[in-house]
Amino acid sequence: MDAQCAWDRLTRRISCLSSANGADSFGQGKNTVRMSHLFGRTLRAAPNDVEIVSHQLMLRAGMIQPLGSGLISLLPLGWRVVNKVEQIVREEMNAIGGQELLMPVVHPADIWRESGRYEQVGPEMARFKDRADRDMVLALTHEEVVTDLARQQISSYRQLPMIVYHLQTKFRDEPRSRGGLIRVREFTMKDSYSFDLDEDGLDHAYRLHWRAYDRIFRRIGLRFIIVGADVGMMGGTASHEFMAFSENGEDTILYCDQCGYAANREVATFQRDEPVHEDALSLEEIETPNTPTIQALADLLGIPTSKTAKAVFFMGSSGRFVFAVIRGDLDVNETALRNATGERTLTPATADEIKAIGAEPGYGSPVGVRDAVIVVDESVRDTPNLVAGANKPGYHFKNVNLGRDYEADIVADIATAEEGFPCVDCGHPLQVTRAIEVGNIFKLGTRYSEKLGADYLDAEGQAHPIIMGSYGIGPARSSAAVVEQRHDDKGIIWPLSIAPYHVSLIEIPSPHDDRSREIAERLYRELEEVGVEVLYDDRDERPGVKFNDADLIGIPLRVAISARNLANDQVELKLRTAKDAIFAPVDQAVAEIVRMLAEIAENEAHEFGLDVETDEPRY
RNA sequence: CGGGGAGUAGCGCAGCCCGGUUAGCGCGCAGCGUUCGGGACGCUGAGGUCGGAGGUUCAAAUCCUCUCUCCCCGACCA
């Protein structure tokens, strides 16, 4: 073993013995594989009931295999993709000073009791007892454990700031998993945590993550948008989500292409109408048969829906009845309502519950109800003389006015933003799109450090809770999002950066002529030597089968060796994205392949915007 | 949890309504032969507790009851 080889082994680059260790008899090279021995077969058709494109294609390409609902095995091809995403994540996390570690998946319940989430979190957390009858849980996330680590490891302001991260399994018993890798119950997440002295430090760590995430998602070829988001069960003061555009996404995003405003629909706001100035008219009960809906009411009276008030009823998790009132042309945003009331969850009230507070389904208004938290949207505050229910079937009140006819417990912005509504920042009409959440960043503050007692001592010897942030990425989900965005009718179109292999080497067999096989074998070894990742289709299949599989799997560069081209001493090279192939002399094939790969990488860097500065975080 | 759909060979499906030979078809798989640049062809063959349990019946993939699982929509969800 020469010095270079020894150094390579030390730096874990390669095993210097690989060609002699018999791996090839299993079809596996250093960074290559023979399709004849590839674990995972391609399917001509996906199961009928699989509907999401990424799910179909990854199934057909032999990248994944389902085990149960929301439980999916990654086969070698799929795992290589996800692993590459994870490596990119590692690189970018290390680049912002993140230190990788690993925390357990199984946690003692006590640590979750300390944060208060053992009781707070519902059935999505898997709970069990160990043999000593101790309560245990499977990790939904790792704030508790990392905070426990911090209280042991961090004691002085001199140690801060710090960022740690890991790639670890999470289990969330989702009420409903769906869509292949997009929504599963068990998955690996990269989660990182920042520890800082103060808000400024947290802000810095937050911005670092913002930029790192921006780079990560660009590098894997995603088209995405960064949006303001709800802090949800995490608690904390700010949150953004990285959303990959996809019709199959589960989130709805509103954005402004004029000024760049973007937000998850849950928290999106818009420019509210100017208050209407009008003298309050006297309250009047009118008969309005068969008008349980706002539309029916407006039609009957010949008025716009914006002159009506809509009542929406919920039961809060605290047991309070939440009575939301909004102008008839708008809809209540449940997340906003939840945040306004401080309720953890809201569920639609039943007819009995509605009647119990003195209201009437279909004809409800806050006038005369009792034992309810009245939440009034700004639109209702700012619009006098609305038509609202009379709390008896078939009757409404005209000229209902806040403050005169009823009082509000809370006045807030609880309206849902819709496509076309004026942007809150610039007034331009908002656009709407569906998206997949591939990453999120949270400013946690002291939510966990206070509960668990993770303090540091400042220069004066005073103890302060550590200021924390929490940041997640789902590598497998991100891979599926890439497939959603990059495919055609033939299959997946991976970017080179995360393709399972760089090159699909196809040998086209000829009867009575072993030359194509010989050349292909030689090229295979030479490419392996220079470090090109090759998926070598050495199967005894017809050309069409091989071409179709290569397209389906989505390898960026296809190299075909056939008697036909060898007659001219040529091999055929074709980009997955190109319509036509080009040809190169056999003896220059390796050099040409390497050159083309470099060119693909360069084009991708340009296409993905890696050669331009990342936008400044704006929030 | 609510609504809908589906479990029959590795994959895709038919058969079930109207019970009755040895449960079929295509793809895939194994062997042989012919083919050989965009999912070839012939012959031979292997492969199935018809998701599970119970019931009705002389007889159940098929009818009844219960149950499990998966998929889709909704509720839910960092």
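From a predicted model like this one, the values you see are computed outputs, not experimental measurements. Every chain is numbered from 1 and lettered A, B, ... according to where its sequence line falls, protein lines coming before strand lines.
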Expressed as a whole number of angstroms, how long is the span from A:L43:CG to B:C27:C1'?
11 Å
Using a cut-off of strictly less than 4.0 Å, decide whether A:R542 has a side-chain nitrogen or oxygen near OP1 or OP2 of B:A40.
yes
Could you check whether any side-chain heavy atom of A:Y118 comes within less than 4.5 Å of a side-chain heavy atom of A:I111, counting everything from C-beta outward?
no
d(CZ, A:R185; P, B:U69) in whole Å:
10 Å
Could you tell me the Watson-Crick or G-U partner of B:U62, where both distances fall under 3.5 Å? Say none if there is no partner.
none
Give A:K170 one of three labels, base, sugar-phosphate or nothing, depending on what nucleic acid heavy atoms sit under 4.0 Å from its own.
nothing
For A:E250, which contact category applies under a 4.0 Å heavy-atom criterion: base, sugar-phosphate, or nothing?
nothing
What's the closest nucleotide to the side chain of A:S69 if the choices are B:G28, B:G38, B:C70?
B:C70
What I'd like to find out is whether the side chain of A:T147 reaches to under 4.5 Å of the side chain of A:E114, using heavy atoms alone.
no
B:C27, B:G38, B:C29: which one has an atom nearest the side-chain heavy atoms of A:R41?
B:C29
Under the criterion side-chain hydrogen bond (donor to acceptor under 3.5 Å, both in side chains), which of A:R477, A:E484, A:H487, A:Q485 is the partner of A:S54?
A:E484
Are A:R117 and A:Y448 in a cation-pi setup, meaning NZ or CZ lies under 6.0 angstrom from the ring centre and within 45 degrees of the ring axis?
no
Quick one: label A:E334 by what it contacts on the DNA or RNA (base, sugar-phosphate, nothing), any heavy atom closer than 4.0 Å.
sugar-phosphate
Look at the side chain of A:R558 against the base of B:G38 and say whether a donor-acceptor pair falls under 3.5 Å; ignore hydrogens and angles.
yes
Please give, in whole Å, the distance from B:A40 P to A:D540 CG?
12 Å
Return the pairing partner of B:C70 with a 3.5 Å limit on both distances, Watson-Crick or G-U wobble; otherwise return none.
B:G5
Nearest-angstrom distance, P atom, B:G10 to B:G51
13 Å
Scan every strand shown for a Watson-Crick or G-U wobble partner of B:G10, both distances under 3.5 Å, and answer none if you come up empty.
B:C27
5'-most by nearest nucleotide on RNA chain B - A:D251 or A:L552
A:L552
Counter-base of B:U34, judged by Watson-Crick or G-U geometry with both distances under 3.5 Å:
B:A40
Ion pair A:E572/A:R558, N-O distance below 4.0 Å:
yes
Both A:I52 and A:K546 contact RNA chain B. Taking the nearest nucleotide for each, which residue is further toward the 5' end?
A:K546
